[in-house]
Structures are given as structure tokens and as C-alpha cells.
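Below you'll find the structure, written out as C-alpha cells, and then a few comments.
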Amino acid sequence: MKQNINFTFMQKFVLLTLRILIGWHILYEGISKLLIPNWSSAGFLSESKWILSGFSSWIVSNTGILHIVDFLNTWGLIAIGLGLIVGLFTRIAAISGAILLMLYYLNNPPLIGLEYSIPTEGNYLVVSKTLIEAVSLLVLAIFPTGLFAGLDSMVSEFKFSNRKKRS
Amino acid sequence: MEDKKDIMQGLEEKMESEPKISIKRRTWLKAMLGIPVLGFFSYEVINKWNFEQQKKNQVIESLGLENLNSPVTIKNVSAKPGNLLRIGIIGFGTRAQQLANGLGFMHPSDVEKKKKNNSLNGWLGQEYLNVALVGICDVFDLHAEEGLATAQNNIRPGGGQGITIPAKRYLHYQDMLEDKDIDAVIVATPDHHHARITIDAIKAGKHVYCEKSIALTEEELNEVYHTVRNSNKVFQLGHQITQNTVFQKAKEIIKKDILGKITLVETTSNRNTASGAWVRHIDANGNPKPGDEKSIDWLQWLGSRPYVPFSIDRFYSWTKWFDYDTGMIGQLFTHEFDAVNQLLRIGIPKSAVSSGGIYYWKDNREIPDTLHCVFEYPDKDLTLTFSASLASSRERGRVFMGHDASMELGESLSIKADYDSTRYKQKIEDGIIDTSVPMISINPGSGNIDAVTSASEKYYASRGLTTTNINGRSVDVTHLHLKEWIDCIRNGGVPSANIERAFEEGVACLMAHKSYIEKRRVEWDPVNRKIV
């Protein structure tokens with residue numbers, strides 16, 4: 001991850017802000033699922049349209065699997081959110097976050113002809129905020145923002161000094 | 001811009017050239033940047049949580065409903081060694097399968113089905129009632145065999161034992177009633193047998209759990225009532241809604257008078273499938289279901305009803321004819337009436353008017369597919385209505401309308417304050433209560449979606465008649481209703497759907513039915529206890 005490119009302060013600042021804001025959003029999504037008693041993804045999944053609808057209805061029809069999915073989803077969001085905010089394993093967090101968000105997107109993409117009973121707060125055609133957030137995470141994944149600021153910088157420092165010692 | 005970049009680069013280079021100790025501190029600061037953000041995040045989450053709780057408590061406390069969220073507990077008194085109860089089931093169709101499941105018995109093929117969709121554990125978690133299913137009586141060989149297979153399958157929920165006593169088939173219910181080795185019977189036959197079998201069973205000294213409707217004529221109803229009242233046997237009518245946790249919450253809400261004066265209760269039934277309209281003699285592929293005169297004792301099935309040649313249509317879809325049932329009144333309104341009566345104790349209405357017709361299912365049926373019944377309770381300042389359709393499944397709930405708030409009660413409960421309420425006027429003005437959203441909503445089932453498959457099952461689920469959520473676990477309400485009956489048999493006490501409630505319901509239903517048939521308003525004469 002050690003890169004030789006020099007980023008300007010502004011570049012670092014904006015990328016860091018983006019990382020922390022997305023981290024904040026994802027962490028709160030996870031925390032709020034913890035706080036809602038008996039929260040379940042069943043409502044969202046049963047609304048699933050397009051290519052993942054079969055898979056999602058299989059999850060919903062299967063209580064055991066549904067519980068696992070709910071657990072993974074809630075704690076996955078929390079872990080990803082924490083990772084992005086503190087900048088630990090940032091790249092893994094960003095990629096996992098992008099995959100998770102893509103899964104949300106693919107379950108209810110705003111495509112022509114797909115209608116959902118849950119109302120959206122804006123107007124979307126093909127592109128939704130979820131998709132944009134997923135792609136933003138991909139952006140974060142290709143920049144070493146954890147090294148700009150975050151626990152990753154300590155991890156890398158540690159590795160770096162270890163390597164130095166060995167050599 | 002270029003200048004800025006140069007300055008930044010210069011700054012970084014300068015920093016890198018600073019002494020080692022400073023680099024370390026800088027790395028630390030860089031590394032820990034996220035920590036204050038996390039601190040701020042936690043602060044905000046706690047603030048939001050407190051705000052929400054405060055807002056919620058403001059309404060709940062002012063309504064005196066602090067205990068509404070306390071968990072519901074099930075008294076565990078049934079399963080004691082040595083007090084085995086021996087039960088026989090008379091009439092083993094679809095409903096009897098569900099009742100057997102509630103007792104702790106399941107057909108092997110259903111066990112396999114449940115294993116496949118991973119829902120068997122829910123059933124296995126059900127409390128063991130320490131009962132033996134020892135007798136099956138059905139006029140149809142196939143149903144009787146299914147009953148025996150169910151009784152003999154030795155998988156038991158709640159860590160119960162396997163078969164204790166082998167099950168026996170009886171060709172006539174009278175033979176089962178004569179058997180001294182049976183303590184109690186469950187009546188799950190078509191409706192035209194309910195009253196007769198219940199009367200004979202009570203006289204034979206058996207406790208009875210009878211499916212609705214209790215009786216199709218006033219004479220039968222009076223006879224059942226007096227027979228049960230003059231006996232010391234426990235009678236329970238098959239209305240499981242009272243066992244739903246959401247219903248217990250509704251009781252609390254009524255007790256606390258949250259709704260204000262209730263003058264109108266609207267109940268509905270909304271179904272739109274062939275099976276929901278009791279076209280049940282044809283399977284999914286359009287072929288007639290099994291059964292012929294060889295395997296069905298047709299004369300016994302007809303009982304005291306007028307003779308008609310064997311008909312597979314009548315055998316499966318009996319609800320369509322007035323000889324065997326009162327249609328939507330007997331099958332659907334009974335549950336609605338029970339729900340309202342258990343909550344408000346309305347009892348027998350002063351008058352009833354029914355009106356409707358056959359507007360969609362133009363087959364050989366006698367029962368209307370569109371029906372309205374209106375019941376008046378002048379001494380309680382209340383009107384109860386029942387609006388039913390078999391040709392539209394547009395969701396219309398069961399609504400209790402009060403001056404201050406209205407409550408919709410089904411598998412969940414939701415209360416909206418009335419915009420013109422007197423009691424909540426100040427709170428509405430202060431913005432504490434928003435009349436556009438529910439003031440209180442309780443959804444014990446949220447987070448648990450069970451594999452509810454058929455349209456009719458979905459209908460019953462939406463009305464709180466299938467499962468309920470107790471401390472995060474989905475429990476079959478029929479099981480709880482049977483358990484209540486069994487607990488009363490063992491320990492004394494009166495079950496919720498006892499003979500008094502059953503009589504009130506029976507009268508209300510017969511009034512509505514009579515009004516529909518005779519096309520006039522009918523009244524209850526409380527002195528002579530007669531419908532006039």
C-alpha cells in the first residue's frame with residue numbers, strides 16, 4: 001500500500017471526508033438495525049425485484065437463513081462503518097461496503113417497469129443514491145486513504161519498521 | 001492552485017525532514033483521526049435514542065400504558081407426569097391436522113415438508129401438553145388413515161415422549177363417546193354436526209373442544225347451552241384469537257379507555273380465491289379430490305340433513321349450502337364477533353339486519369358471496385357491522401372507532417388519535433400526538449415472517465388467527481387455545497371461549513342468518529330468550 005504518489009492536502013482532505021461520511025452513514029445504518037427490536041431484512045427482501053428476487057425470496061422463506069442474513073447484515077454494516085471511520089483495513093472495508101451496497105441496489109434497482117410498494121424519498125431512474133454510494137466506496141478503495149489518516153498508517157508503519165529490522 | 005500544491009508539497013517535505021520523535025507523534029495523530037469522529041458519532045446516537053425514548057414515553061406515560069411492552073408469559077402447568085389426557089378427534093380434515101399439530105402430533109409428510117422449509121424447529125419448540133391422541137373418527141377412510149398416521153407418528157415437540165397409547169379408529173362418533181378410555185374430544189367436523197356431537201359428548205362425560213360455528217338452529221343452540229351448563233365438563237369453542245399477544249395488549253388498551261367512547265365497530269372479511277370462497281372439491285390441477293361412496297359413509301356425513309345423492313362437491317365444499325353451514329356468517333363472522341365480544345363483552349345484540357347476494361361465484365351455491373350485517377346494541381350505545389366479500393381481497397381491517405382514537409386490530413395493532421378528539425386535543429395542539437401516524441402500534445410479529453403459504457392462510461394470519469410472537473418466538477395460537485382448554489380440564493377454571501361466549505355468538509350469528517334468509521330485521525327477546 002505504500003505509494004510514492006504525493007497527494008495534495010485538498011485531495012487528501014476531500015477523500016478523507018468522503019470516507020468518514022460514508023462510514024458514518026453505514027455505521028448508523030447498522031446501529032439503527034440493532035436498536036430496532038426485532039428488526040428484519042424480510043420486508044426489504046420480500047420487495048426484491050429483478051435478478052436477485054428468487055434468491056431473496058428463498059432467504060425470506062427460510063427462517064434460519066433469514067436470521068443469519070439479518071445478523072451478517074447488521075454486524076457487517078457496523079464493521080464496515082467502523083473500518084471506514086477509523087481507517088482500519090480501509091480497503092477491505094471499502095470493497096466489502098461496495099459489494100453490500102451493490103447487493104442492495106440489485107435487489108431494488110430503479111429500472112423502468114419495476115414498481116415497489118416502499119416509497120422512495122427522491123426520483124430515480126436506473127441510478128440511485130445506493131449505486132452512487134457503492135461507486136464512491138470503489139473510489140475510496142483505490143486511494144490509500146487509510147494511510148492519509150487512520151489506523152492503517154500505524155499498521156503499515158509497524159510492518160515497515162519490522163521489515164527494516166529484519167533487513 | 002499550482003502555488004498551493006507547491007506549498008503543500010514543501011510542507012510535507014519539511015515535515016518529513018523533522019526529527020524522528022515528531023514523526024512518531026504525527027503518525028499517531030494521523031492514525032487516531034477517526035477516534036474523535038467516533039466519539040461524536042456515539043454522542044449523537046445516544047442523543048437520538050434518548051430523544052426518541054422521551055417522545056415515545058411522553059405519549060405512553062400520559063396514557064398509562066407503561067406496562068404495554070412487558071413480555072407475555074405462558075403458564076406452564078400442563079405437562080406433569082402422570083396426568084396424561086386421552087383425546088379423540090371427531091372429523092379429521094384440514095382443520096383437524098392443525099389441531100393435532102397444536103396438541104403435539106404431526107403427520108409424517110408434514111414433518112418432512114416442515115423440515116424442508118426449515119420450520120420444524122418452531123413446532124418442536126412448542127410446549128409438550130402430555131396428551132395422547134388415542135381416537136380418530138371420520139366418515140372418510142382416507143381422512144381417518146391420515147388421522148391415525150398423525151397420531152402414531154412419534155415425533156413430539158417440547159421433549160415429549162413418543163406414543164404412549166396406540167390410536168384407534170372409530171367408524172361412528174357414538175362408539176368413541178362410549179369408550180371409557182377417552183377423556184376429551186375435539187369436534188372438527190362440518191358445522192352441521194357440531195351441536196349434536198357436542199351434546200352427546202358432554203352427556204357421555206367428555207370434555208369438548210368444538211370448532212365454530214356452534215349450532216345452525218336455535219333449538220340446537222339452546223340444547224348445547226343447557227347441556228354444557230348443567231354439566232361439570234370443560235367446553236371451549238375454537239376461537240384462538242384471544243391467545244394472540246396482540247389481543248392481550250388490545251385488552252389493556254380497552255381497559256385503559258384509550259379510545260374514548262366506542263360507538264362503532266367495523267369488522268370485515270376480504271377474500272378473493274376459489275378456496276376462500278369454499279370451492280374446495282377440486283385440486284390444484286383441476287381434478288376432483290379423492291373420495292367416493294365406497295370410501296365415504298355418505299349417510300353418516302349427511303346426518304340429520306335432508307337426503308341428497310352423494311356429491312364430492314358437497315363433501316368438500318359444504319360451506320356453500322345452508323344445510324351444512326351459514327356461509328360467511330358461520331365461517332368468518334364468528335371469529336370477528338368473538339374478537340369484539342372478548343374485548344368489549346357486547347353479548348347478544350338487540351337487533352340484526354343482513355343483506356347481500358351472489359354476485360360473483362355463480363356456481364351451485366346458496367350462500368351469498370357479498371354480505372353485510374348490522375347489529376344494534378342500544379343499551380351499550382354501539383353498532384357492530386360486518387362487511388364481507390368473496391370477490392375482492394382489498395385489505396379492510398377490524399376497526400374499533402372511539403371518540404378519541406380508533407384502533408385497528410389484526411395480527412398487529414395500531415391506534416390513531418382522532419383529529420377531533422376531546423381527550424387528546426391539547427397534545428395534538430402541542431404536537432406531541434400526530435394524528436396522521438399511529439399513536440401506538442404494536443407488531444409482535446415483526447422480524448418473524450413465517451412460511452404462510454396459501455391465500456386462505458394469509459387471510460387468517462392477517463386477522464391474528466394463526467401464530468403469535470411470544471418473547472421472540474413464534475407460537476401457534478391454536479396450540480395456546482387447546483392448552484387453555486386442557487389446563488382448565490386439569491386445574492379447573494373457565495376457558496375464554498366458554499359456553500356463555502359461545503351462546504352469545506351463536507345467537508348473534510343465527511340472528512344475522514335469519515335476517516338474510518327472511519329478508520327482514522330480526523330482534524332478540526331477552527325475556528323468552530328467543531329470536532323474533
Side-chain angles (χ1 to χ4, degrees), chain A residues 6-13 16-17 19-21 23-25 27-28 31-43 45-46 57-67 70 81-88 90 145-158 160-161, chain B residues 1-13 15-16 20 23-24 26-42 44-46 48-49 52-53 69 71 114-122 442-453 469 471-474:
Chain A
N6 278 323
F7 291 95
T8 66
F9 175 76
M10 258 338 245
Q11 283 169 333
K12 284 182 181 176
F13 179 74
L16 262 179
T17 310
R19 192 189 83 199
I20 286 169
L21 293 185
W24 181 295
H25 174 221
L27 179 59
Y28 188 64
I31 298 276
S32 61
K33 286 171 180 56
L34 264 193
L35 297 182
I36 299 169
N38 288 326
W39 175 84
S40 168
S41 58
L45 290 174
S46 55
S57 53
W58 171 75
I59 295 173
V60 174
S61 67
N62 213 316
T63 326
I65 304 279
L66 183 67
H67 284 289
D70 286 346
L82 281 175
L84 290 174
I85 290 178
V86 302
L88 183 65
T90 320
T145 61
L147 297 182
F148 302 164
L151 293 171
D152 278 342
S153 63
M154 276 192 49
V155 174
S156 92
E157 192 88 354
F158 181 69
F160 188 65
S161 57
Chain B
M1 198 68 189
E2 277 297 301
D3 288 353
K4 218 175 184 180
K5 207 174 163 184
D6 287 345
I7 293 167
M8 287 293 166
Q9 251 171 15
L11 201 73
E12 277 180 21
E13 274 160 23
M15 279 174 164
E16 262 153 42
K20 214 180 173 184
I23 292 175
K24 272 213 170 141
R26 205 162 62 89
T27 314
W28 257 103
L29 285 174
K30 253 170 45 171
M32 295 303 165
L33 185 91
I35 306 301
V37 178
L38 263 192
F40 183 48
F41 177 88
S42 314
E44 284 291 279
V45 168
I46 291 164
K48 187 173 162 70
W49 172 255
E52 302 271 318
Q53 286 308 101
N69 275 328
K114 280 197 178 277
K115 259 186 201 161
K116 261 186 201 147
N117 67 18
N118 250 333
S119 57
L120 188 67
N121 279 341
I442 299 168
N443 190 358
S446 72
N448 282 282
I449 292 200
D450 287 296
V452 174
T453 44
N469 194 292
N471 308 331
R473 200 161 63 82
S474 179

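Naming: A, B, ... by sequence-line order, numbering from 1 per chain.
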- Message: Under a 4.5 Å cutoff for heavy-atom pairs, which residue among A:G81, A:G87, A:A149 has the most contacts with chain B?
- Response: A:A149

- Query: With a 4.5 angstrom heavy-atom cut-off, which part of A:F148 approaches chain B: side chain, backbone, both or neither?
  - Reply: backbone

- How long is the span from the OH atom in A:Y28 to the NZ atom in B:K48, to the nearest 0.5 Å? 4.0 Å

- Carefully, step by step, assess B:M32 and A:L151 under the rule side chain to side chain contact (heavy atoms under 4.5 Å, CB included). CA-CA 6 Å; B:M32 295 303 165; A:L151 293 171; 3.7 Å; yes

- Ranked by heavy-atom pairs below 4.5 Å to chain A, first place among B:V37, B:N121, B:V45 goes to B:V37

- For A:I31, is it the side chain, the backbone, both, or neither that has a heavy atom closer than 4.5 Å to a heavy atom of chain B? side chain

- Would you call the rings of A:W24 and B:F40 parallel, tilted or perpendicular, where under 30° means parallel and over 60° means perpendicular? tilted

- Task: Side chain from CB out, backbone as N, CA, C, O: work out which of these in A:L27 comes under 4.5 Å of a heavy atom of chain B, or both, or neither.
- Result: both

- Item | Contacting moiety of A:L88, where chain B heavy atoms sit under 4.5 Å | neither

- Query: What's the spacing between A:I85 CD1 and B:F41 CZ if we round to 0.5 Å?
  - Reply: 6.0 Å

